[in-house]
Q: 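I'd like to ask some things about the structure below.
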2 protein chains.
Amino acid sequence: MIYENILEQLSSQKCKLTLQRRELLKILIRARTPLAAREIYDRMLKKYPNMSFDTVYRNLSLLQEMQIVNRLEFQEGRSRYELNLSQDHHHHLVCLKCGGTWKLRACPLEGLNIVNTVPEDFKITTHRFEVFGYCRQCRD
Amino acid sequence: MIYENILEQLSSQKCKLTLQRRELLKILIRARTPLAAREIYDRMLKKYPNMSFDTVYRNLSLLQEMQIVNRLEFQEGRSRYELNLSQDHHHHLVCLKCGGTWKLRACPLEGLNIVNTVPEDFKITTHRFEVFGYCRQCRD
DNA sequence: CTTCTAAATCAGAATCTTTCTGATTTTATT
DNA sequence: AATAAAATCAGAAAGATTCTGATTTAGAAG
């Protein structure tokens, strides 16, 4: 369902439904946590052993522009990617030891307090919020 | 004053007050916006033309561990650094076109709303919050 | 002031992520 | 089945950051 909707959205924008693109989407849909480009590439290699790494990056950029994918940065020196499902706006709780992530539904922009401190002449487009620390397993 | 306090703090931790380290601190104190490692290096070269880039990174890591410096990521593919002055906790407003930044004094963790949504068994150590968009000059 | 040692620096290579280039292949339409 | 635009592949390139091994230096001790 999600998968078909996204394919539909891609088609309507004249994007070709290549095998690699389909596989990337399936991987993102299956993923339980945000994945690094490298992790996505490794999984795709199993099905398409001759794949170019570039294909992963090109498609992730495309999907990000189409707002189908979110690019996240958790101070790990590389980005991670997750599906951007409407009606599921969230932020992340990130464990600094194991790298585990959990969704945080509360959003700083929802209360008006913060938005009120932004100058009126600044046009907000996006925002990021992450909480770092140690999960139950990793804290001492 | 700020400068002397930091030198004092470094000394007390048995860190040597090398010329390069002093210069780096002066640059950060003078800076009006967070600087990329490359920008810091370029400024240091004027005074120490034989400097190694590595020295910049090594010292920034050290200062970050000592909580004298904040490392920021504004989705530009590289980090930026700023002094971490106590009593000046803030986040950033970042212009996606010109790269300009402004301080945002409101903090998502101040209201209890968000903290309440974090599981009790997660030990929070740090957090990040950035608002992206277009500044007065850059919006159409 | 001189000696000494750990810490810091330099120079350059290495690593890693991400982007680019040019040739080839594929999707989807005609 | 032919076609053109889009996408892919393979490998190089760019850029940030980290590492290595030899050399230098800050600060302490004599």
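Per chain, numbering begins at 1; letters A, B, ... match sequence-line order. Just so it is clear, the values below take in all heavy atoms, side chains as well, and ignore hydrogens, waters and symmetry mates.
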Q: For D:dT18, take OP1 and OP2 only and decide whether either is under 4.0 Å from a side-chain N or O of B:R58.
A: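 It does not, given that no N or O in the side chain of B:R58 lies less than 4.0 Å from OP1 or OP2 of D:dT18.
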Q: Please work out if A:N50 contacts a base, only the sugar-phosphate, or nothing of the nucleic acid, heavy-atom cut-off 4.0 Å.
A: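 Sugar-phosphate only.
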Q: With a sphere of 6.0 Å drawn around CZ of B:R139, does it hold more than 12 non-hydrogen atoms of other residues, nucleotides or ligands?
A: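 Atom CZ in B:R139 is packed in, count exceeds 12.
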Q: With heavy atoms under 4.0 Å as the rule, sort A:N59 into base, sugar-phosphate or nothing.
A: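 It contacts sugar-phosphate atoms only.
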Q: Does B:S79 make a side-chain N or O approach to OP1 or OP2 of D:dT17 shorter than 4.0 Å?
A: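 Affirmative; the distance criterion is met.
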Q: Write down the distance between OH (B:Y41) and C1' (D:dG15), rounded to a whole number of angstrom.
A: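 Whole-Å distance recorded here is 14 Å.
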Q: Go through the N and O atoms of the side chain of B:T18 and the base of C:dA8, and report whether any donor-acceptor pair is under 3.5 Å.
A: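 Between C:dA8 and B:T18, which were checked side chain against base, a qualifying N/O pair under 3.5 Å is absent.
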Q: Assess whether one donor atom and one acceptor atom, taken from the side chain of A:K14 and the base of D:dA6, lie less than 3.5 Å apart.
A: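 Between D:dA6 and A:K14, which were checked side chain against base, a qualifying N/O pair under 3.5 Å is absent.
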Q: So, OP1 or OP2 of D:dT18: does either fall under 4.0 Å of a side-chain N or O from B:Y57?
A: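 The answer is no; no side-chain N or O of B:Y57 sits under 4.0 Å from OP1 or OP2.
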Q: Taking only the side-chain nitrogens and oxygens of B:T55, find out if one of them lies under 4.0 Å from OP1 or OP2 of C:dC10.
A: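 For C:dC10, OP1 or OP2 has a side-chain N or O of B:T55 closer than 4.0 Å.
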Q: For A:R21, which contact category applies under a 4.0 Å heavy-atom criterion: base, sugar-phosphate, or nothing?
A: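 Sugar-phosphate contact only - A:R21 comes under 4.0 Å of backbone atoms but never of a base.
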Q: Evaluate the side-chain proximity of A:R105 to A:D88: yes if any heavy-atom separation is below 4.5 Å, no if none is.
A: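 Sidechains of A:R105 and A:D88: in contact.
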Q: Quick one: do the B:H89 and B:E110 side chains pair a donor with an acceptor below 3.5 Å?
A: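 Side-chain D/A pair, B:H89 to B:E110: absent.
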Q: Does the side chain of B:Q20 get closer than 4.0 angstrom to OP1 or OP2 of C:dC10 through an N or O atom?
A: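 It does, given that an N or O in the side chain of B:Q20 lies less than 4.0 Å from OP1 or OP2 of C:dC10.
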Q: Hey, could you give me the CD1/CG distance between B:I68 and B:L25, rounded to the nearest 0.5 Å?
A: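 Answer for the CD1-CG pair, B:I68 versus B:L25, is 7.0 Å.
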